[in-house]
Amino acid sequence: MGSIATYIADKAAKKKQTPSEWLEGNLKNFDRYWVSSHIGRYTHPDAAVHLHDDSSPTGKGYLTTADTAVQQDIFVDGGSAFMTIASFLVSRFSQKETIAEQKDDLEAKTAWQYFREDSPFIRREIESLGIKYEPLREKILHIQISKIPEESDERLKQVYFPIPDCDGEYHLLSILPPSVLMLELTNRIRMAFQVQRKCQDKKSEYYGGLYQTFSDLTNVRFGGANVQNVSTRNSSLGMQVLPSLPPCLTSRKIKMPKRNFFFDSLYWRSFIKMLFHLDALLRDRRHNLEMRERREDIILDFVEPILYEANRLQTLPAGWSKNKELTEEQAVWLDAAYSNQRQIDTDWIWPVCMDFSRWLVNAYEWFCHIEKRKEISLSDAELHSFASTMEDVLKEEVREG
């Protein structure tokens with residue numbers, strides 16, 4: 001990432017050419033370029049099949065290139081030897097001034113996008129090199145569009161698809177990976193990581209903001225020994241792939257509490273997403289009805305999984321808490337031996353709710369420590385507010401019980 005003028009000047013200097021000579025020399029290969037959405041090389045690096053899907057969105061719940069807002073890809077005939085301009089067009093450039101700002105720029109676009117938008121930024125960059133902008137843009141915007149191939153390629157994977165009511169008849173289908181979707185997914189994941197870094201950087205204006213994380217990612221490069229023939233981005237960066245394996249389902253063991261249900265049976269990291277939301281709320285200094293309702297919704301998000309764990313303990317054989325050091329109130333809440341008492345005498349509810357509040361405050365402190373965030377001090381008012389939200393839920397359970 002950086003300025004377009006610097007990129008071109010550096011490339012030209014390596015070839016001992018002027019920027020104009022470098023561009024003119026590489027623009028001679030433009031007849032090898034096609035705007036594409038599906039490229040066969042992602043199946044085999046020597047496959048020359050490519051097409052451009054310009055169909056209308058289906059809107060029927062299927063994910064297709066027509067249903068997503070993605071950048072166009074460029075197919076280059078001849079492989080890596082002719083990819084120079086394609087590499088330039090798909091590279092991202094920032095309009096920021098400093099290198100640090102350019103690195104973290106979330107609004108950087110590709111040269112291809114700037115040309116299509118006729119951005120004043122790219123016009124200024126190109127003309128600063130002594131190159132005429134309009135003829136260059138006109139040539140770039142007239143890259144040929146890939147058409148549906150008349151025949152497949154034997155190196156592509158084939159699928160025999162039976163034709164209904166036609167005994168022995170079938171369609172022979174070629175699988176073409178949608179390269180634009182793979183690139184869009186990769187760009188969005190990398191953008192999410194940029195946002196994450198900014199939200200965790202104490203010097204950033206976005207510090208403390210919400211961000212998304214992706215686990216178990218795989219970085220892949222297609223083409224085996226010929227990755228450079230597939231695409232420039234495939235060669236230099238690879239593609240980010242989300243896990244697509246079925247989930248590993250295991251029976252969940254009930255973690256028996258010894259002294260305190262909240263601290264013994266609940267793992268605070270399981271509530272990390274909710275703690276992010278709570279932290280964002282606490283850092284918002286507005287005090288109005290909307291914020292109070294948001295706070296209650298967030299606390300209810302904590303309460304639901306906690307009640308699930310509590311209900312699992314209530315299904316255990318009665319009397320399991322006798323050898324534990326639980327408080328009387330928690331034992332009444334969690335042990336089936338006290339089910340009748342639980343319904344008749346509800347004095348146990350408020351102490352349990354305060355135990356919940358103390359656990360939540362402790363979990364929040366751990367969250368701030370691990371995330372290296374400045375902790376927001378919580379008063380007794382917040383403690384009682386958290387407890388009050390859970391109290392309403394437990395009283396409702398008693399009424400329905």
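The chain is numbered in sequence order, starting from 1. All heavy atoms count here, side chains included; hydrogens, waters and symmetry mates do not.
By the 6.0 Å and 45° rule, R137 does not stack over the aromatic ring of F115.
In this pair, W348 and W333 present their aromatic rings parallel. The plane angle is below 30°, not in the 30 to 60° band. Ring geometry for F75 against H50 counts as parallel: the plane angle stays under 30°, on a 0 to 90° scale with 60° as the upper cut.
In this structure, the ring of F356 has its center no less than 6.0 angstrom from the ring center of W350. For Y170 and F161, the distance between ring centers is not under 6.0 angstrom.
Going from atom OG of S20 over to atom CG of L129 covers 9.5 Å, rounded to the nearest 0.5 Å. Atom CD1 in I74 sits 4.5 Å away from atom CG in L89 (nearest 0.5 Å).
The closest side-chain donor-acceptor pair between E382 and S379 falls under 3.5 angstrom.
Taking the side chain as every heavy atom from C-beta outward, E325 and K258 never approach each other to under 4.5 Å. You'll find the side chain of V159 stays beyond 4.5 Å of the side chain of L172, heavy atoms only.
Side-chain atoms of Q341 never come within 3.5 Å of backbone atoms of V332 as a donor-acceptor pair (strictly under, hydrogens ignored). Side-chain atoms of D73 do not come within 3.5 Å of backbone N or O of S36 as any donor-acceptor pair.
Under a 4.0 Å N-O distance rule, the pair E309/K255 does not qualify as a salt bridge.
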Determine whether R188 and E184 satisfy the following criterion, salt bridge (charged side-chain N to carboxylate O under 4.0 Å, His left out), listing intermediate values before the conclusion.
CA-CA 6 Å; R188 292 191 186 188; E184 181 66 18; 2.7 Å; yes
